[in-house]
Amino acid sequence: MATGKVLRQLIKSGVEGNYDAFKAAAEEVIREERAKQHHLLANDLERLLYGRPQNLDHAPGRPFVKAPVDRERNLALLDLREPMRRLEDVVLSDETRSALEELLQEHHHQERLASYGLRAADRLLFYGPPGCGKTLTAEVIASELGLPLAIVRVDAVVSSYLGETAANLRKVFDFAAAHAAVVLFDEFDALAKERADEAEHGELRRVVNAVLQMMDAYHGRSVLIAATNHESILDFAIWRRFEEVLVFDLPNLEQLRRLLALKLRGVRREFEVEDATVVSIFKGMAHADVERVLRRAIKDMVLAGQEFLTVRHLEAAARRERPRMAKGKAK
């Protein structure tokens, strides 16, 4: 726990209504807890201290503003969501998790960075195989920063009408500039494919040019995140537009153990997640594959009227899931 001196200052400033002194004392408590490696507690204290930004124009559980729409089809260009998952709900490599925590620290201390002429990174690129936590991490960032999650609907943005795709992108970037949110461009390769590809027609090349120009000109209130499973086909110039690039790989054995412990929390079972036999069932699976197998295994247990999850449930569920995984890899 924090020292008596800091606690006295914290309570004294709170009673007196001295917000600046209260904030300084609270930040000292957070620093002390983080120095003791109490990261979850430090993160919770940061959320309590900074809370949700006061200028959000939305109520909990409801979209905070109306999403912009495509002019020709009247389709919403963004799917607006209230994020639910937190930092403790995602399992990442040590390197990616460290980068994520640094990013959150930057945004929690924007005023301090601004006093040195610096700003928090707000253009991020996520890449890696499907089902490895890219969308989940975008949701976690939104949740940790107290912001809504706005997922760009690529099917609505891309139009068959000449020039309309670029016009839709302009609406998305204008939205991001005007409203504080985490804006996720999923399947980003559909908008930023290599322009040298001879198979692509002129309109898609113009779209890539528009994306580059809009990213260069962007100075807004939102965090922009682009995610792709096909980083090799992104236009070379796109990479320079991002301040941070995070890699999402298939979980290793240690990450699988952590993922199993997280997903099976509260489930009565006849095995330990550290058991090598259990972990080997999930070897080579993405995070989403593991979650599907566990969900299927738990359903089988419930429908069979059994109270404890067994290794046999896991093995049976994995066998049923592997054909789907093989099809996905074949693509």
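- For Asp94, the CG atom is loosely surrounded, since the number of other residues' heavy atoms within 6.0 Å does not exceed 12.
- The hydrophobic cluster containing Leu118 also includes Leu113, Tyr116, under a criterion of side-chain heavy atoms closer than 4.5 Å among ILVMFWY residues, counted directly or through chains of members.
- With respect to the salt-bridge test (charged N to carboxylate O, under 4.0 angstrom), the residues Glu28 and Arg31 qualify.
- Checking side-chain atoms of Thr228 against main-chain N and O of Tyr127 turns up no donor-acceptor pair under 3.5 Å.
- Few gaps surround CD on Glu270; more than 12 heavy atoms of other groups in view lie less than 6.0 Å from it.
- The structure places CZ of Phe248 at 3.5 Å from OG1 of Thr137, a figure rounded to the nearest 0.5 Å.
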*Take Glu106 and Glu243, measure what side chain to side chain contact (heavy atoms under 4.5 Å, CB included) needs, and give me the verdict at the end.*
CA-CA 13 Å; Glu106 288 185 22; Glu243 298 158 294; over 6 Å; no
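- Not counting sequence neighbours, Arg240 has no partner by the side chain to side chain donor-acceptor pair (under 3.5 Å) test.
- Heavy-atom neighbours of Arg73 CZ from other residues, nucleotides or ligands within 6.0 Å: above the threshold of 12.
- Grouping the Ile, Leu, Val, Met, Phe, Trp and Tyr side chains by contacts below 4.5 angstrom, directly or via other members, places Val279 with Leu294.
- The aromatic ring centroids of Phe242 and Phe126 lie 6.0 Å or more from each other.
- Phe188 has its side chain within reach of Ile238: a pair of non-hydrogen atoms, C-beta onward, lies under 4.5 Å apart.
- Taking the charged nitrogens against the carboxylate oxygens, Asp89 and Arg86 have no contact shorter than 4.0 Å, which rules out a salt bridge.
- Judged by distance alone, with hydrogens and angles left aside, the side-chain atoms of Arg258 form a donor-acceptor pair with the main-chain N or O of Leu92 at under 3.5 Å.
- In the displayed structure, Glu272 atom CD is contacted under 6.0 Å by at most 12 heavy atoms of other residues, nucleotides or ligands.
- With His107 contributing its side chain and Ala121 its backbone, the two residues share a donor-acceptor pair below 3.5 Å.
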*Are Arg320 and Asp300 close enough, and set up right, to give a side chain to side chain contact (heavy atoms under 4.5 Å, CB included), and what steps lead you there?*
CA-CA 12 Å; Arg320 293 175 63 188; Asp300 290 344; 3.8 Å; yes
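- The two atoms that bring Asn229 and Asp189 nearest to each other are N-OD1, 4.2 Å, heavy atoms only.
- Here the side chains of Leu77 and Val152 are not in contact, with every heavy-atom distance at 4.5 Å or above.
- The aromatic rings of His179 and Phe175 are tilted relative to each other, their planes meeting at an angle between 30° and 60°.
- When hydrophobic clusters are built by joining Ile, Leu, Val, Met, Phe, Trp and Tyr residues whose side-chain heavy atoms come closer than 4.5 Å, directly or via intermediates, Val91 is not grouped with Met84.
- In this view, Glu274 satisfies the salt bridge (charged side-chain N to carboxylate O under 4.0 Å, His left out) rule with no residue, not counting sequence neighbours.
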_side chain to side chain contact (heavy atoms under 4.5 Å, CB included) for Arg241 and Tyr218? Distances and angles first, verdict last._
CA-CA 10 Å; Arg241 270 63 183 187; Tyr218 177 72; over 6 Å; no
*Worked check of side chain to side chain contact (heavy atoms under 4.5 Å, CB included) between Leu100 and Leu87*: CA-CA 9 Å; Leu100 175 58; Leu87 188 59; 3.6 Å; yes
